[in-house]
Amino acid sequence: MIKQILSKKVFAIYGLGNVGGSIAAVWLRAGAKVIGVDISKTLLTEIQDGISHKKEPFLSETFSKSIKNKSFFLTSDGIDASKRSSIKIIVVPVGLKNKKVDLSSVIQVTKNIAKGLKKGDTVILSPSVPPGTTEKIVLPILEKESKLKGEKDFYLIYNPERIFEGRAVKDIEENYPAVISGLGPKSLKIAENLFRIISKKGVLKMPTLAEAEAEKLFEGAYRDVNIALANELAEYCEKIGINFWETRKGANSQPFCHLHYPGTGVGGLCIPVYPRIIIENASKFGKTMSLLEYSRRINDNMPKKCVDDAIKMLLKNKIKPKNAKVAVLGLGFRGEVTDTRLSPTYDVVNEFLKKECTVTVHDPYIFEDTILPKSVPLTKDLVTATQNADLIFISSDHKIYSKLDSKSFSKGKKSILFFDGRNVLNPKLFSSGMLNTIGIGKN
Ligand SMILES: NC(=O)C1=CN([C@@H]2O[C@H](COP(=O)(O)OP(=O)(O)OC[C@H]3O[C@@H](n4cnc5c(N)ncnc54)[C@H](O)[C@@H]3O)[C@@H](O)[C@H]2O)C=CC1
Ligand SMILES: CC(=O)N[C@@H]1[C@@H](OP(=O)(O)OP(=O)(O)OC[C@H]2O[C@@H](n3ccc(=O)[nH]c3=O)[C@H](O)[C@@H]2O)O[C@H](C(=O)O)[C@@H](O)[C@@H]1O
């Protein structure tokens, strides 16, 4: 039955990145025909050649198989894709430009979709957006361009994607209920029928589009504030000489406490961005979001705080920061991702450069980068990155780093100091005084 429904539907997915690529794979795995739309010709070629999305399980193999059996077509022509599809899913990025929400990609794609919109079509918006975006920005563009009426001639849905990079397909298919909302009851019914096909955890119907848009932002705001709390409590533990990590275990041993992890900063296109989307939107209604603003300030200061602590460690070991060799491990915005957007490591590197240190960056998954200063080499070879280093600074929690010990490094004449900004190292494997970890009390 489901296969029959889907075999008649053609989906067009606009934006084949971490999220859009995963959504395309999920619908292909469910038996739908999919037109993948992206402006990046490089990405389209990589997908065609079966070498894209290497860090996301199931995607590359699903794409190759679907291209072969002619259920997956790739194009950069968003208007034609809209003409040839009945369900259009928008998954292009929504970021910040000078702390203002940037909806330009969403608007551009919506205009393309509108030029091919037909009676009976369904449009689904998925990126995280300010409450009101679907109804007040996307709907008017669709109606004006197509001369069709929402909820009468076509259907409009907001479905916030909640994937965690590295397990995106399973998150959509198994881990999370699909949050859905519609312009009206008909749109909502279509959303329910569609998302029940792919989501084993079922659907969570929100009363309005705006509440669905807001819930996604609230998830991120909750996380950012709790990370800020962990960062502030970790600094408190350092001051009074107790161990945050042990204290956290105790506090989290009851179901109402979920202390997060302190770290070298908060990166990615999501958690640092969602609170700012709320802050900006709230200001239009005369509301100041003091807690969100303060949490952002704490988290944005973490790279500087951690580098300052690492510099103190160098000085305590009679090593002058000027020309000290520092190996920064982890360029991804968090462990096990190749995504460097808003990675705290960029700020960590700049703080070390301000102290005139010599910096090398290591990452096991990222081989090229256009943002790091030219004076800072990027390498995937740990020995190259750390040879003759005075200090090793762990900035992202890639799994590989948790296996390191003091013998993992070239036997230079001097002992190496470690600042573990993600608490991934095993202190038992390091002699005392060599290792400083965030939140570990007096060092
Ligand atoms: N990355 C994540 O973990 C999650 C992200 N999100 C939301 O999803 C949005 C997208 O995130 P990602 O997939 O990570 O972004 P991404 O940058 O990996 O992918 C976006 C894709 O859209 C393409 N694109 C940009 N403008 C386009 C246009 N006008 N027409 C067609 N294609 C266009 C880009 O070339 C890129 O391939 C984010 O802004 C965020 O709001 C939601 C949940 C998780
Ligand atoms: C509420 C929530 O947990 N959202 C998840 C989050 O995933 P994301 O890929 O952004 O990773 P993340 O684990 O939140 O990390 C974001 C940043 O925060 C840092 N981080 C994270 C957790 C923590 O306790 N301490 C900390 O410092 C990470 O190192 C990273 O730099 O954001 C995704 C999103 O919305 O895009 C969302 O789908 C994911 O489920």
Side-chain angles (χ1 to χ4, degrees), residues 12-24 36-44 46-47 52-53 56 75-79 81 90-96 101-113 125-130 133 159-168 171-172 175-176 213 215-231 234 248 258-274 277 298-299 302-303 306 330 332-345 395-398 421-423 438:
I13 315 280
Y14 290 76
L16 298 173
N18 302 294
V19 185
S22 308
I23 293 173
V37 186
D38 205 291
I39 51 173
S40 164
K41 294 264 199 297
T42 313
L43 179 61
L44 293 177
E46 285 171 354
I47 295 174
S52 71
H53 299 87
E56 205 55 64
T75 180
S76 54
D77 184 341
I79 298 172
I90 304 170
V91 208
V92 293
V94 171
L96 291 174
V101 181
D102 175 14
L103 291 170
S104 54
S105 296
V106 167
I107 290 167
Q108 202 247 310
V109 164
T110 303
K111 286 178 180 166
N112 288 343
I113 288 173
L125 182 65
S126 255
S128 309
V129 293
T133 299
N159 152 250
E161 255 331 318
R162 302 178 308 158
I163 61 106
F164 194 77
E165 288 178 25
R167 59 172 207 228
D171 280 348
I172 300 171
N175 298 336
Y176 301 146
E213 290 161 333
E215 81 78 20
K216 174 67 186 169
L217 301 176
F218 287 12
E219 288 177 41
Y222 165 84
R223 196 157 175 80
D224 198 47
V225 168
N226 276 283
I227 295 168
L229 174 63
N231 285 329
R248 173 182 178 277
H258 307 280
L259 284 177
H260 285 34
Y261 301 123
T264 54
V266 176
L269 200 59
C270 306
I271 304 307
V273 173
Y274 296 174
I277 293 179
I298 290 176
N299 292 337
M302 288 313 290
C306 291
F333 79 81
R334 66 170 163 82
E336 300 312 300
V337 296
T338 58
D339 192 343
T340 62
R341 289 174 295 186
L342 301 180
S343 172
T345 301
S395 188
S396 297
D397 46 350
H398 288 314
R422 294 288 177 189
N423 191 36
I438 189 166

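In this text the structure is predicted, and so the values were computed from the model without any measurement. Indexing begins at 1, ligand by ligand and atom by atom, following the structure's order.
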| said: Tell me if a side-chain donor or acceptor on His398 pairs with a main-chain N or O of Gly335 at a distance below 3.5 Å. | reply: no

| request: Output yes when a side-chain donor or acceptor of Thr264 lies under 3.5 Å from a complementary backbone atom of Gly421, and no otherwise. | output: no

| said: With heavy-atom distances below 4.0 Å as the criterion, list the atoms of ligand 1 near Tyr274. | reply: 6 (N), 40 (C), 41 (O), 42 (C)

| message | One residue to check: Val273. Relative to ligand 1, which of side chain, backbone, both or neither has a non-hydrogen atom less than 4.0 Å away? | response | neither

| remark: Counting from 1 in the order shown, the ligand 1 atoms closer than 4.0 Å to a non-hydrogen atom of Gln108 are 28 (C), 29 (N)

| task | Using a strict cut-off of 4.0 Å, indicate which atoms of ligand 1 neighbour a heavy atom of Ser105. | result | 26 (N)

| said: Closer than 3.5 angstrom, by distance alone: can the side chain of Arg341 be matched with the main-chain N or O of Gly268 as a donor-acceptor pair? | reply: no

| said: Measuring from atom CD1 of Ile227 to atom CE of Met302, what distance do you get when rounded to the nearest 0.5 angstrom? | reply: 10.5 Å

| query | Are any of the side-chain heavy atoms of Ser128 and Lys216 separated by less than 4.5 Å? | reply | yes

| At a 4.0 Å threshold, what atoms of ligand 1 neighbour a non-hydrogen atom of Leu43? | 37 (O)

| request: Evaluate the side-chain proximity of Leu16 to Ile13: yes if any heavy-atom separation is below 4.5 Å, no if none is. | output: yes

| Neighbour count above 12 (heavy atom, 6.0 Å) for Tyr176 OH | yes

| Just heavy atoms, cut-off under 4.0 Å: does Ile163 contact ligand 1 by side chain, backbone, both, or neither? | both

| With atoms numbered from 1 as shown, which atoms in ligand 1 lie under 4.0 angstrom from a non-hydrogen atom of Leu269? | 38 (C), 39 (O)

| request: Return the residue, atom name and 0.1 Å-rounded distance of the protein heavy atom closest to atom 42 (C) of ligand 1. | output: Glu161 O, 3.4 Å

| Which is closest to atom 17 (O) of ligand 1 in terms of heavy atoms, His53, Glu56, Arg341? | Arg341

| message | Residue by residue, ordered by chain and number, which ones reach under 4.0 Å of ligand 2 with a heavy atom? | response | Arg162, Ile163, Phe164, Tyr176, Lys216, Glu219, Arg223, Ile227, His260, Tyr261, Gly265, Val266, Gly267, Cys270, Ile271, Tyr274, Phe333, Arg334, Arg422

| note | Candidates Asp38, Leu16, Ile107; heavy atom nearest atom 23 (C) of ligand 1 found on Asp38

| request: Would you mind checking which non-hydrogen protein atom is closest to atom 39 (O) of ligand 1, with the distance to 0.1 Å? | output: Val94 N, 2.9 Å

| query | Among Val109, Asp171, Val92, which residue places a heavy atom closest to atom 33 (C) of ligand 1? | reply | Val92

| said: Among all the protein's non-hydrogen atoms, which is closest to atom 19 (O) of ligand 1, and how far away is it? | reply: Gly17 CA, 3.2 Å

| Any side-chain heavy-atom pair of Ser22 and Glu56 under 4.5 Å | yes

| Between the candidates Ser40, Pro93, Ser76, Gly15, which shows the shortest non-hydrogen contact distance to atom 20 (C) of ligand 1? | Pro93

| Identify the closest protein heavy atom to atom 18 (O) of ligand 1: which residue and atom is it, and at what distance? | Asn18 ND2, 2.8 Å

| request: Go through the steps for Asp102 and Ser104 under the test side chain to side chain donor-acceptor pair (under 3.5 Å), then give the verdict. | output: CA-CA 6 Å; Asp102 175 14; Ser104 54; 2.6 Å; yes

| Element-labelled atoms of ligand 1 that are located less than 4.0 Å from some non-hydrogen atom of Cys270 | 2 (C), 4 (C), 5 (C)

| said: Taking salt bridge (Lys or Arg N to Asp or Glu O under 4.0 Å) as the definition, give me every residue that meets it alongside Arg223, ordered by chain and number, with sequence neighbours left out. | reply: none

